[in-house]
Amino acid sequence: MKILHTSDWHLGHRLLEQSQMEEQSLFLDWLLEYIGTNSIDVLLVSGDIFDVGVPSSQAQKLYYDFLARLYNTSCKEVIITGGNHDAPSTLNAPKALLNAFSIRVVGKATENLEDEILKIFANGEDLIVAAIPYLRDQDIRRAIASESAEEIINRYKNALINHFTEIARICEAMKTSKIPVIAMGHLFAIGGKTSESEQSIYVGNLGDIGASDFPEIFDYIALGHLHRAQKVGGKNQIRYSGSPYILSFSEVGQAKKVVEINISESMKIRDITVPIFREILQIEGSVESCKAKLEELNSENHILAPWVEVILDDEKEATTGYKDINDFAMNIKPEVLKISVKNEFKYDKLKNLIDTAQHIKTFKPLDVFKLKCEEIKVNLDDNPELLDAFNEILQIVTEKE
Ligand SMILES: [Mn+2]
């Protein structure tokens, strides 16, 4: 039995307002072809299928078209779990219908742990999959009033580990002879490197668990959430597949992967590099050297127009540089999505605040805002309306919460 592990498709994602649907569509075409050519039997998608809870109709079309086409391949079992970006209700809505086509969806944790455990038979072999979705605080931990920030972190972490342990216990009871057991998860496990596009999620959601916190019974753990493909704590069998394409400029230069697990060959694990359908890169230097690099990029052949962030390394050039680069970019194929100046901002004070903070909840939004204004040299005393506007937004956000 051959299994393919992927995650974090973020269908419908936009990078600096640009739709990534073209490369997402090309990736799904490639994935179908890979599955067909390599006789993959089971596909695991560990969360963040969509970028937002209520995806656009085009994003949903990508998803359903893919699943429909997958039905005619060797892959007869598909397991999809919800990520922190997915609304459980969106993923779960077609659950019963998809189940009829052996596409199992676990959008969120329920009261019944057995709902997350699936016994699969494919290509003459048995497999148990613990399809653990992203675990929301309220799904697994009863909130207790007047808890300190630290207590909240610990309780959530403990609840997370408990959940995996309980699931492992049920798998243990189900397991006969040598049936392999695979777990899926969507969480931040320490020893993993973050990128900008998932950072806010993890800082806000606290649960740091390490490789040793995962129960021993799992022969492989298919993780989602971090966008860089990586092993957790150096363990070969605990992996993030990472996102299959770049979702943030902080991921530039990363090789994007899916992971193949061959159960029949004593759990042979190997990662497969996904072809690059759109080059996303950063160009750094003076205005002239950046233009030369853009020109060079323009002369190359690309499937989709490359997307570029230009970083000017000389502050003095910045004033004319923005216009210069923008004008130049009008007549070439590569698209310049962002122009910035190196070391434009001095992060010292904000960085200090973040470094010394125990927990995201100890930040006061107003303090962060004031430091940010200071950093970008906006004087709030001269612009009191900015402070009013910020407070108004803050109030709306707080009320929504
Ligand atoms: Mn993600």
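Throughout, residue positions are numbered sequentially from 1 according to the sequence presented. All ligand and atom numbering here is 1-based and tracks the order in the structure.
The ring of Trp30 has its center no closer than 6.0 angstrom to the ring center of Tyr245.
Arg104 and Glu77 are joined by a salt bridge, as a carboxylate oxygen and a charged side-chain nitrogen come within less than 4.0 angstrom of each other. Salt bridge annotation for Lys323-Asp327: present, with a cationic side-chain nitrogen under 4.0 angstrom from a carboxylate oxygen. Using a 4.0 Å cut-off between charged nitrogen and carboxylate oxygen, Lys291 and Glu288 count as a salt-bridge pair.
Residue contact annotation: His227 places an N/O/S atom under 2.8 Å from the Mn ion (ligand 1). In summary, His10 places an N/O/S atom under 2.8 Å from the Mn ion (ligand 1), meeting the contact criterion.
Note: angle at the Mn ion (ligand 1), from OD2 of Asp8 to OD2 of Asp48, is 100° (rounded to 10 degrees).
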